[in-house]
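Just so it is clear, the values below take in all heavy atoms, side chains as well, and ignore hydrogens, waters and symmetry mates.
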Amino acid sequence: PQEYYTVGRRPFSSSDGAASAAWRSKELIFRNTEQYFYSNAYNVKYNFDTYLATIIDELNVLATDITVIKNVNGFNRAITSGDWSSYSALQNDLYKTARKIPGLIGMEISGLNSGIVYNTRPLTTGLVETSQFLKTIIHAEERVHTFGYVELESRPYINNKGRYAVVIGMQIKSNVDGRVVGAIILAISADYLLQALYPPEDITDSQLAIFDPAGKIIAATAPEIIPDLESKHLEEKGTFFELIDLHRSKYLVSQLYTEPLDWRIVLLTDYKRISAPLLAQYYRALVVTVLLLVILLMSVVLITHSINRPIHQLIRAMEMMGREHYFPSVRVTGADELTYLGNAFNTMSKKIQQLIKEIETVNAKKRSAELMALQSQINPHLLYNTLDSINWMASMNGNEDISKMIVALSDFYRLTLNKGQGSHPLKNELKQIESYLKLQQLNFHNRIHYAINAQEEFSIAGCRPSFCSRLWKTR
């Protein structure tokens, strides 16, 4: 494959980030576009190579046919010999060859002095000395010569003025000594070259220009750009494919050469016309991609939140469960694994709450039983009898202070034990307090003075034994 030159390229490095990635995507689009047009340029070249090879092959068959060469030599001698029999044979050979060449306007066989026969219409003046076509081809160094897109020559009574065609000529040489004995001239329709070999539907928004080896224009789809194209001297570059400023615009230009005849094929594509739709498609694809990424990101966030939210609720509920007998429950919805965990946690929380209440009830009953057992261990009768005996002996001996102390102590313990009852009236509790204060007063030799103020209506209220005493002691 031929070397082809890229346009508008920019080096890419991984450090460029998202902007470079976007540029690289755009470059890939344009690179594929260039390759597409470059491939089409070779397809056009292939069409021309095939067509021109067919023409050259048919001309070679006709020009190297021994009978044709003999008849042309016979026609060259007919002026002196008067034998014109070769004319009809050449007419038949010319007609057979002309049928095999598509796009043909006319075809003509000439001798060294004048034209012999033609098919469809004459192409030259008929005389070598007055025909530029015949004079050039007979005296040319190369065997095949392209005249380009030129006006056909006229003859007396046949006017070709204003008739243009692509003219090609081939020498007829003697098979004995290789001398030129005549020529074959044919004319091809330029419209056929542009339409049959380069149909517009193959490549949209492209123009075609064909030049012969001398640089003369053969055919062009947009003649107005030919002057600008010729000013670039593209023939000096050989085969290439690049971006060129041309006719106040930028064109992707590919230049290739046909295998036979060495015609120069130039394919021009308006860069803006192809880049604008591609850029529009690129940006549309980019917008769609961004939207899809945003939707994907939002979906990920929502899904993650729907998973994490129940988990965080469970974690907070577990942290709060041990705080001051707080037993929270979590709200669960759905039918997934997290819903199962939430329901299991709620069940566990209720069971723990129930178990704690049961334990508190059991402990309260246990403390009450221990208190009752402790009270039952004390034999109050022995204590009361002993204290009464001490009180009697103190009274007999006239020791009133000891007697008062024994009475206060006896009242204190009698009220404290309360005969094993769980509660007693508030007035008994006040009496217990008064007994305690009397003991303290006797202990500190009347240095303590006290007064008890209690409303009568509250004296019948119930109270746990020693509860009010503890409150009083702490004041």
| message | Is there a side chain to side chain donor-acceptor pair (under 3.5 Å) between N60 and R143? Walk through the geometry before answering. | response | CA-CA 10 Å; N60 269 325; R143 188 175 177 221; 2.6 Å; yes
| Nearest-0.5 Å distance that lies between atom CG in L134 and atom CD1 in I184 | 12.0 Å
| query | Roughly how far, to the nearest 0.5 Å, is the CG atom of L193 from the CG atom of L208? | reply | 9.0 Å
| query | Can you tell me how far the CD1 atom of I188 sits from the CD1 atom of I101, to the nearest 0.5 Å? | reply | 7.5 Å
| request: Check the pair I217 / I210 against side chain to side chain contact (heavy atoms under 4.5 Å, CB included), numbers first and verdict last. | output: CA-CA 6 Å; I217 185 68; I210 309 170; 5.7 Å; no
| field | Flag side-chain contact, heavy atom, 4.5 Å: D270 against Y251 | value | yes
| query | Hey, is CD1 on I66 packed in by over 12 heavy atoms from elsewhere, all under 6.0 Å? | reply | no
| query | Do V72 and V68 come within less than 4.5 Å of each other through their side chains, counting heavy atoms only? | reply | yes
| note | Minimal heavy-atom distance between A219 and A190, with the atoms involved, is CB-CB, 4.2 Å
| If every non-hydrogen atom of P122 is compared with every non-hydrogen atom of R155, which pair is closest and at what distance? | CB-NE, 3.6 Å
| query | Got a donor-acceptor contact below 3.5 angstrom from the T97 side chain to the D93 backbone? | reply | yes
| Side chains of L104 and T120: closer than 4.5 Å at any heavy-atom pair? | no
| task | Measure from the side-chain N and O atoms of K232 to the backbone N and O of D245, and report whether any donor-acceptor pair falls under 3.5 Å. | result | yes
| task | Check for a donor-acceptor pair, side chain of D65 on one end and backbone N or O of V61 on the other, with a separation under 3.5 Å. | result | no
| field | Residue pair D177 / S174, side-chain donor-acceptor N/O under 3.5 Å | value | yes
| Considering only heavy atoms from C-beta outward, does the side chain of N113 approach that of L127 to under 4.5 Å? | no
| Using 4.0 Å as the upper bound for N to carboxylate O, is an ion pair formed by K45 and D49? | yes
| request: State whether the side chain of T289 and the backbone N or O of A285 hold a donor-acceptor pair below 3.5 Å, judged by distance alone. | output: yes
| From R163 CZ over to I158 CD1, what is the distance, rounded to the nearest 0.5 angstrom? | 10.5 Å
| said: To check you understand the geometry: which heavy-atom pair defines the closest contact between I218 and G148, and what is its length? | reply: CG1-CA, 4.0 Å
| said: Checking side-chain polar atoms at under 3.5 Å, does T124 have a donor or acceptor matched by the opposite partner on E153? | reply: no
| Does a side-chain heavy-atom distance below 4.5 Å link L234 with R264? | yes
| When you check the side-chain N and O atoms of T221 and Q207, is any donor under 3.5 Å from an acceptor? | yes
| message | Checking the side chain of D262 only, and the main-chain atoms of P213 only, is there a donor and an acceptor separated by less than 3.5 Å? | response | no
| Would you say E358 has more than 12 foreign heavy atoms packed within less than 6.0 Å of its CD? | yes
| Under 3.5 Å, side chain of T258 to main-chain N/O of W263, donor-acceptor pair present? | yes
| query | Quick one: are L152 and V167 in side-chain contact, heavy atoms under 4.5 Å? | reply | yes
| What do the steps show when you test M107 against L94 for side chain to side chain contact (heavy atoms under 4.5 Å, CB included), and what is the final call? | CA-CA 8 Å; M107 191 173 182; L94 184 65; 3.4 Å; yes
| message | Rounded at 0.5 Å granularity, tell me how far CD1 in I185 sits from CG in L123. | response | 7.5 Å
| query | CD/Q255 to CD/E242 distance, rounded to the nearest 0.5 angstrom? | reply | 9.5 Å
| message | In the structure I gave you, are the side-chain heavy atoms of I55 and L186 within less than 4.5 Å of one another anywhere? | response | yes
| task | Would you confirm whether the ring centroid of Y87 sits within less than 6.0 angstrom of the ring centroid of F75? | result | no
| query | After noting the C-alpha distance and the side-chain angles of I109 and I172, does the key distance pass the side chain to side chain contact (heavy atoms under 4.5 Å, CB included) rule? | reply | CA-CA 9 Å; I109 298 179; I172 301 175; 4.1 Å; yes
| Just by modelled atom types, is the A98 backbone N or O under 3.5 Å from a matching donor or acceptor in the E58 side chain? | no
| message | Could you go through F147 and F133, starting from their C-alpha distance and side-chain angles, then the distance that decides it, and tell me whether this counts as side chain to side chain contact (heavy atoms under 4.5 Å, CB included)? | response | CA-CA 8 Å; F147 294 92; F133 294 155; 3.9 Å; yes
| Would you call E108-R121 a salt bridge at under 4.0 Å N-O? | no
| query | Does some side-chain heavy atom of Q281 sit less than 4.5 Å from a side-chain heavy atom of R284? | reply | yes
| query | Looking at A220 and I226, what are the two nearest heavy atoms and their distance? | reply | CB-CD1, 3.7 Å
| task | Examine Y51 together with Y192 and report whether their ring centres are nearer than 6.0 Å. | result | yes
| For I137 against A183, the heavy-atom pair lying closest together | CG2-CB, 3.5 Å
| message | Given 3.5 Å as the limit, does a donor-acceptor pair link the side chain of K250 with the main chain of I244, or not? | response | no
| Closest heavy-atom pair and its distance - L112, V180 | CD2-O, 3.3 Å
| Is it true that a side-chain atom of N47 and a backbone atom of L197 form a donor plus acceptor pair closer than 3.5 Å? | yes
| request: Would you kindly say whether R179 and N73 are connected by a side-chain donor-acceptor distance under 3.5 Å? | output: no
